[in-house]
Amino acid sequence: MASSAEVVAASNAEETTETPAAEKREERLRKFRELHFKRNEARKLNHQEVVEEDKRLKLPSNWEAKKARLEYELIVDQKKKECAERGEDYNRVKLLEISAEDAERWERKKKKKNPDPGFSGYAEAQLRQYQRLTKQIKPDMANYERQREECGEDFHPTSNSLIHGTHVPSKESVDRMVDDVEKQIEKRSKYSRRRAYNDDADIDYINERNAKFNKKAERFYGKYTAEIKQNLERGTAV
């Protein structure tokens, strides 16, 4: 029969062998919980990114530029309010914040910009002419006040006003209109009209692009190849 000392020693040995195994099991469980937590975090972040990407795809193509513009306008409004509270001119304060390099770059950009984009349509041409004419208008406040006093309440006509056809333009206004019409006629006379199509001309092309190429070739090399072309047409080429 084993003594009590031997039993205690055996139990201590069993506990010593079980302790490392338990520690390893706890370590594995802890790592498993960490991996599970990281997986849930990654799943949540992926879902958020998918939602954000879906929102971005549904937005207009120029949303980023529009958003930046709106943010800039909010900043400008805030600065204007601050300047108004301090009694300062916003435009002057804004110019003080612009560096010399930025000012030079903007001036170069203004010079490079073409003020005349050319003809793109009759509606655009009419709008450009309207803008050009309105920029030339110089209000005559003295004449404005005089007409206001002469017309009285009819200066702002209503449906019951009978002021239509009573206005007589001044000689200066008529002369200004005549000058503008003459300038338009002179400018229109300088336009080069589209060349008419000649049905009797020789067809030496297969499409519009080839016709333009042949015209360029004829313009640069026509005097050198005129004799060869005539011989080919007559059938006397060597």
Side-chain angles (χ1 to χ4, degrees), residues 60-62 65-66 68-69 72-73 76 89-92 94-95 98 100-151 154-158 161-226:
S61 58
N62 60 342
K66 188 180 293 185
R69 181 66 183 175
Y72 173 76
E73 290 178 355
V76 169
D89 185 7
Y90 170 74
N91 294 325
R92 184 178 180 83
K94 181 181 178 181
L95 292 175
I98 298 175
E101 291 80 4
D102 293 338
E104 291 178 358
R105 187 172 66 253
W106 290 340
E107 288 297 327
R108 289 196 299 268
K109 189 179 294 185
K110 286 181 180 179
K111 291 180 181 179
K112 288 182 179 179
K113 187 177 180 181
N114 184 12
D116 188 4
F119 181 81
S120 58
Y122 291 101
E124 289 79 5
Q126 188 176 11
L127 176 61
R128 286 173 52 203
Q129 183 180 13
Y130 169 77
Q131 292 174 347
R132 179 178 59 82
L133 294 175
T134 52
K135 286 180 181 179
Q136 295 176 359
I137 295 176
K138 296 179 180 179
D140 188 356
M141 300 307 297
N143 188 25
Y144 172 82
E145 293 295 337
R146 181 178 58 79
Q147 290 184 7
R148 187 175 182 179
E149 291 177 358
E150 291 177 356
C151 297
D154 291 336
F155 186 75
H156 299 287
T158 62
S161 301
L162 298 175
I163 196 174
H164 178 71
T166 60
H167 172 69
V168 179
S170 62
K171 185 178 182 301
E172 292 80 7
S173 300
V174 175
D175 293 340
R176 187 167 59 249
M177 183 190 69
V178 171
D179 293 339
D180 183 74
V181 171
E182 289 178 351
K183 288 180 181 178
Q184 292 183 31
I185 295 172
E186 182 181 0
K187 187 176 181 181
R188 197 175 294 117
S189 65
K190 295 179 181 179
Y191 290 158
S192 60
R193 64 181 180 81
R194 183 178 178 87
R195 300 296 185 269
Y197 178 74
N198 187 7
D199 293 332
D200 297 331
D202 294 334
I203 299 176
D204 56 354
Y205 54 88
I206 58 176
N207 51 35
E208 188 69 21
R209 184 176 179 182
N210 181 241
K212 292 180 180 178
F213 176 80
N214 291 343
K215 287 181 181 179
K216 290 181 180 179
E218 180 68 22
R219 185 164 62 249
F220 289 104
Y221 306 106
K223 60 182 179 180
Y224 305 110
T225 60

Exercise. Could you tell me whether Arg176 and Asp179 have a side-chain N and a carboxylate O separated by less than 4.0 Å?
Key: no
Self-check item: Interatomic distance, Glu104 atom CD to Ile98 atom CD1 [nearest 0.5 angstrom]
Solution: 12.5 Å
Quiz prompt | ring pair (Phe, Tyr, Trp, His ring centres under 6.0 Å) partners for Phe213, two or more places apart | solution = none
Self-check item: Approximate separation, where rounding is to 0.5 Å, of Lys171 NZ and Asp175 CG
Solution: 4.0 Å
Practice problem: Could you tell me whether the side chain of Asn210 and the main chain of Ile206 form a donor-acceptor pair under 3.5 Å? | Solution: yes
Practice problem: Name all residues meeting the side-chain hydrogen bond (donor to acceptor under 3.5 Å, both in side chains) criterion together with Gln126; count only those two or more places apart in sequence or in a different chain, and write none if there are none. | Solution: none
Quiz item: Can you tell me how far the CZ atom of Arg105 sits from the CD atom of Glu107, to the nearest 0.5 Å?
Solution: 12.0 Å
Self-check item: Gap between atom CD of Glu150 and atom CD of Glu145 - 0.5 Å precision
Solution: 12.0 Å
Self-check item: Gap between atom CG of Leu133 and atom CE of Met177 - 0.5 Å precision
Solution: 12.0 Å
Practice problem: Search all heavy atoms of Tyr224 against all heavy atoms of Phe220 and return the closest pair with its distance. | Solution: CE1-O, 3.8 Å
Practice problem: Return yes if a side-chain donor-acceptor contact under 3.5 Å exists between Asn214 and Glu218, otherwise no. | Solution: no
Quiz item: Can Asp140 and Arg146 be counted as an ion pair, charged N to O under 4.0 angstrom?
Solution: no
Quiz item: So does Arg92 have more than 12 non-hydrogen atoms from other groups sitting under 6.0 Å from CZ?
Solution: no
Quiz item: Could Arg69 and Glu73 be called an ion pair, given the rule that one side-chain N must be under 4.0 Å from one carboxylate O?
Solution: yes
